[in-house]
Amino acid sequence: MAQSDALLLLERKLSLLSDKDSAEELVRTLEYVPLAISQAAAYIQRMSPWSSVEKYLAEFRKGESKRAWLLGHDEGEFRREGGASNAILATWQSKWLVNRGEATRKYWEEKTSKAKLGADHPSTLTSMANLASTFWNQGRWEEAEKLEVQVMETRKAKLGADHPDTLTSMGNLASTYRNQGRWDEAEKLEVQVMDRTV
C-alpha cells in the first residue's frame with residue numbers, strides 16, 4: 001500500500017489526525033500493511049482518550065513482546081473488521097522468525113569464516129558486516145555496533161583509514177550511532193568519512 005493510501009486509511013479509521021508526522025511514522029513502522037493500520041487505529045480508538053498515534057507508536061517500539069501484544073490485542077468487538085482473524089500478528093511473528101533465522105545463518109557464516117580464513121580476512125569481515133546489517137534491520141543496535149566497531153577497526157588496520165571499505169564501515173557505524181541517539185559520535189564519524197572522500 002502506498003504511503004498516501006495508508007495515511008488515508010488511518011485517517012478514515014480515526015476521523016482526525018492531530019500529528020501528521022507521527023501518523024506518517026506509524027504507517028511506515030507498520031510497513032503500510034492495511035490490516036496492521038486498521039488494528040492500530042482500532043486500538044487507539046478503543047483506548048481514547050488515553051491513547052493516541054504518538055503513544056501507540058512509542059508502545060509499539062518498546063520491543064517484540066509489546067508489539068505482539070498490541071497486534072494481538074482483542075477485546076470482544078475490538079477486532080478490526082467484524083471478526084477478522086489476527087492474521088497481522090501471525091504475519092509479524094513469521095517475519096520475526098525469518099529475520100531470526102537469517103541472523104542465525106549469518107552468525108554461523110561469520111563464525112565459519114573466522115575459523116577457516118581468519119578474523120581479518122576480507123570475506124570474514126564481509127560476513128561480520130552482513131550480520132551487523134541484519135542486527136541493524138532488527139533494531140538490535142548494541143549487537144550491530146559491536147560487530148561494526150570490529151569490522152571498522154580491522155579494516156583500518158589492514159586497509160588504511162582512507163580505503164572505501166573502511167569508509168563504508170565508518171558510515172555504517174555512524175548510522176547505528178544515529179539510531180541510538182548518539183548524535184555527537186555519529187557526526188564525528190560522518191565528518192571523517194566526508195573529509196576522506198573529498
Side-chain angles (χ1 to χ4, degrees), residues 1-4 6-7 10 17-33 36-37 40 52-68 70-71 92 95-107 109-110 119-120 122 124-198:
M1 170 177 264
Q3 180 176 344
S4 58
L7 284 169
L10 184 63
L17 293 178
S18 59
D19 182 356
K20 186 170 176 158
D21 290 339
S22 292
E24 287 176 356
E25 183 63 26
L26 178 61
V27 297
R28 183 175 29 259
T29 299
L30 295 174
E31 300 178 9
Y32 310 107
V33 176
I37 295 165
S52 65
V53 171
E54 299 84 8
K55 289 177 183 175
Y56 184 92
L57 192 53
E59 288 297 308
F60 193 84
R61 288 182 170 154
K62 284 186 177 176
E64 289 296 327
S65 62
K66 189 64 169 182
R67 208 169 287 144
L70 286 168
L71 292 172
W92 234 272
K95 180 181 173 190
W96 181 82
L97 288 172
V98 167
N99 285 340
R100 271 290 200 222
E102 181 182 352
T104 301
R105 181 186 59 77
K106 287 184 177 181
Y107 171 80
E109 183 180 291
E110 181 242 330
D120 60 354
T124 302
L125 294 173
T126 299
S127 293
M128 291 171 68
N130 288 341
L131 180 57
S133 176
T134 299
F135 289 152
W136 192 94
N137 287 328
Q138 295 173 345
R140 296 164 64 184
W141 313 119
E142 291 81 16
E143 292 163 288
E145 176 190 353
K146 182 180 174 185
L147 284 173
E148 287 168 344
V149 167
Q150 289 176 23
V151 170
M152 181 189 71
E153 293 300 331
T154 304
R155 284 181 172 163
K156 270 186 188 178
K158 288 291 183 180
L159 304 173
D162 295 333
H163 191 278
D165 290 348
T166 304
L167 296 174
T168 297
S169 299
M170 292 169 70
N172 291 343
L173 182 56
S175 181
T176 299
Y177 286 157
R178 266 195 324 278
N179 281 303
Q180 293 174 319
R182 295 162 63 184
W183 311 113
D184 293 340
E185 292 165 281
E187 180 183 16
K188 181 181 173 185
L189 277 175
E190 288 167 340
V191 167
Q192 288 176 29
V193 171
M194 287 187 334
D195 288 346
R196 290 188 170 112
T197 56
V198 175

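The figures here come from the full heavy-atom set of this structure, side chains too, leaving out hydrogens, waters and symmetry mates.
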Counterpart residues, salt bridge (charged side-chain N to carboxylate O under 4.0 Å, His left out), relative to Arg182 (two or more places apart): Glu145, Glu185
How long is the span from the OG1 atom in Thr168 to the CZ atom in Arg155, to the nearest 0.5 Å? 7.5 Å
Those residues at least two apart in sequence (or on a different chain) that pass side-chain hydrogen bond (donor to acceptor under 3.5 Å, both in side chains) with Ser52 are Glu54
Close side-chain approach of Met194 and Glu190, heavy atoms under 4.5 Å: no
Within a reach of under 6.0 Å around CD of Glu187, are more than 12 heavy atoms found that belong to other residues, nucleotides or ligands? no
Heavy-atom nearest pair, Ala6 first then Ile37, reads CB-CD1, 3.6 Å
Tell me the ring-ring contact (aromatic ring centres under 6.0 Å, His included) pairs involving residues 155-184, sequence neighbours left out? none
Is there any salt bridge (Lys or Arg N to Asp or Glu O under 4.0 Å) pair reaching into residues 159-170, and which pairs are they, with sequence neighbours excluded? Asp162-Arg196
Contacts of type side chain to side chain contact (heavy atoms under 4.5 Å, CB included), residue Asp120, not counting sequence neighbours: Thr154, Lys158
Any heavy-atom pair between the side chains of Glu143 and Leu147 that's under 4.5 Å? no
Output for pair (Gln150 CD, Leu173 CG), nearest 0.5 Å, gives 11.5 Å
Between Val151 and Ala129, what is the shortest heavy-atom contact and its length? CG2-N, 3.9 Å
Separation between CG (Asn130) and CG (Leu125), nearest 0.5 Å, reads 11.0 Å
Pairing residues for Ser175 by the side chain to side chain contact (heavy atoms under 4.5 Å, CB included) criterion, not counting sequence neighbours: Trp136, Arg178, Asn179
Nearest heavy atoms of Met170 and Gln192, plus distance in Å: CE-OE1, 3.1 Å
Where Thr166 and Gly160 come nearest, the two heavy atoms and their spacing: OG1-O, 2.9 Å
Heavy-atom side-chain proximity of Val191 to Asp195 below 4.5 angstrom: yes
Shortest non-hydrogen contact from Ala186 toward Ala174: CB-O, 3.4 Å
Looking at residues at least two apart in the chain, or sitting in another chain, which of them share a side chain to side chain contact (heavy atoms under 4.5 Å, CB included) with Ala23? Leu7, Leu10, Leu17
Where is the tightest heavy-atom contact between Ala40 and Leu26, given as atom of each residue plus distance? CB-CD2, 4.3 Å
Check whether more than 12 heavy atoms from other residues, nucleotides or ligands sit under 6.0 Å from atom NZ of Lys146, and answer yes or no. no
Rounded to the nearest 0.5 angstrom, the CG-CE distance for Leu167 and Met152 is 11.0 Å
